Amino acid sequence: MTLADLKPLILILADGQFHPGEDLGRRLGITRAAVWKRLQSLAELDLEVERTRARGYRINGGLQLLDKERISASLAEPAGRLLGQLHFFDELDSTNRFLLQQGQGGDVCVAERQTAGRGRRGRQWFSPYGRNLYLSLRWHFDQGVAALEGLSLAVGLVIAESLQELGVSGVELKWPNDLFCQGKKLGGVLIEVGGDLNGDCAVVVGVGLNVAMRENLERKAGALIQQPWTDLCRQGFESDRNQLCAALIGALLPALKTYPERKFGFYKDRWESRAMLRNQSIEVHSPGQVALGVMLGVDVTGALRVMTGAGEALFSGGEISLRGSA
Ligand code: BTN
């Protein structure tokens, strides 16, 4: 059963109300047995359908589905002018992979579900249907990757500030580009580059944000995320995913356009004001090496500044954790 077969049923159940099996069959023009089969398949998408004998079926709490027209219509300028094509998919392997292979500058890709969502360092990004946000944006730069130093940190900051405007305060940034809230992972950024790394290059900025992971997803999320996690709804987010998506596109496209002139220096102080683990004893994990020290902050290129036993050191790659916690 494909997602295209299931979508009409999902659209009905998205209202969160009970629907008797007979009504569903009539509205979809299929037999009750076919309705039953489709309801079973929703479990494979991690959509939990509640059933009562008297009232029928519902998705408890409903679903706020993404709507391409609503996202485009709510885009503020200048993003509306900067946007190329908005590609929307119910299901895709990875929005980053898609834009890297076939996007143009200014294109944006959003999916309701990813079957091979990519995280940093080759990790898998948990991407269940209809609950979170999987968003990628492609932009072209003509001065090679060197001009993009610190971009992933700036992207994290722009997201944190957009979330603040949407009512989610206290989003922290964990170097280099993880989004945290109350010490738990809320989202992440994965930047991938194609083209000529020394000249005309295409950058794909992928943003994954946990939005509304219902209880039925908790076990799977725990196993895949492998660290404490949270989502926007648990942090007081009340508006819908379309608005969130439009707000992020609206903030990120202009940030990408202006990055070559502004560079990371423009964002540095605001980034540091949200930095997690600042002034704390940390471990810096980079391939084949672990360094210990106190996190001082970042420099104008986004490199991590750490006071080690041998003096101040700069790190431009790797991951950090509180000393003794990894
Ligand atoms: C991280 O590991 O923290 C970064 C995760 C980035 C996930 C997003 S979801 C949208 C885009 N498409 C992908 O395949 N990955 C990124």
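The first residue of the sequence shown is numbered 1, and numbering continues consecutively from there. Whatever order the structure lists ligands and atoms in, that order sets their numbers, starting from 1. Here the structure is a predicted model, which is why all the values come from computation and not from measurement.
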**Q** Kindly tell me which protein residues have any non-hydrogen atom under 4.0 angstrom away from an atom of ligand 1, grouped by chain and ordered by number?
**A**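 For ligand 1, the contacting residues are Ser94, Thr95, Asn96, Gln114, Gly117, Arg118, Gly119, Arg120, Trp125, Tyr134, Leu135, Ser136, Asp178, Lys185, Gly188, Val189, Leu190, Gly206, Val207, Gly208.
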**Q** We want to know whether Asp200 and His140 form a side-chain donor-acceptor pair, criterion being a heavy-atom distance below 3.5 angstrom.
**A**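 No, because no side-chain N or O of Asp200 sits under 3.5 Å from a partner of the opposite role on His140.
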**Q** Leu173 versus Asp178: any side-chain heavy-atom pair under 4.5 Å?
**A** no
**Q** Once you round to the nearest 0.5 Å, how far does SG of Cys109 lie from CG of Leu92?
**A**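 Taking SG in Cys109 and CG in Leu92, the distance rounds to 5.0 Å.
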**Q** Among residues at least two apart in sequence or on other chains, which ones pass ring-ring contact (aromatic ring centres under 6.0 Å, His included) with Phe89?
**A** Phe98
**Q** Parallel, tilted or perpendicular: which one describes the rings of Tyr57 and Trp36, with boundaries at 30° and 60°?
**A**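 Because their plane-to-plane angle lies in the 30° to 60° range, the rings of Tyr57 and Trp36 count as tilted.
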**Q** Please determine whether side-chain contact (heavy atoms from CB on, under 4.5 Å) holds for the pair Arg305 and Leu314, giving the CA-CA distance in whole Å, both sets of side-chain angles, and the decisive distance to 0.1 Å.
**A** CA-CA 5 Å; Arg305 294 176 50 224; Leu314 284 176; 3.4 Å; yes
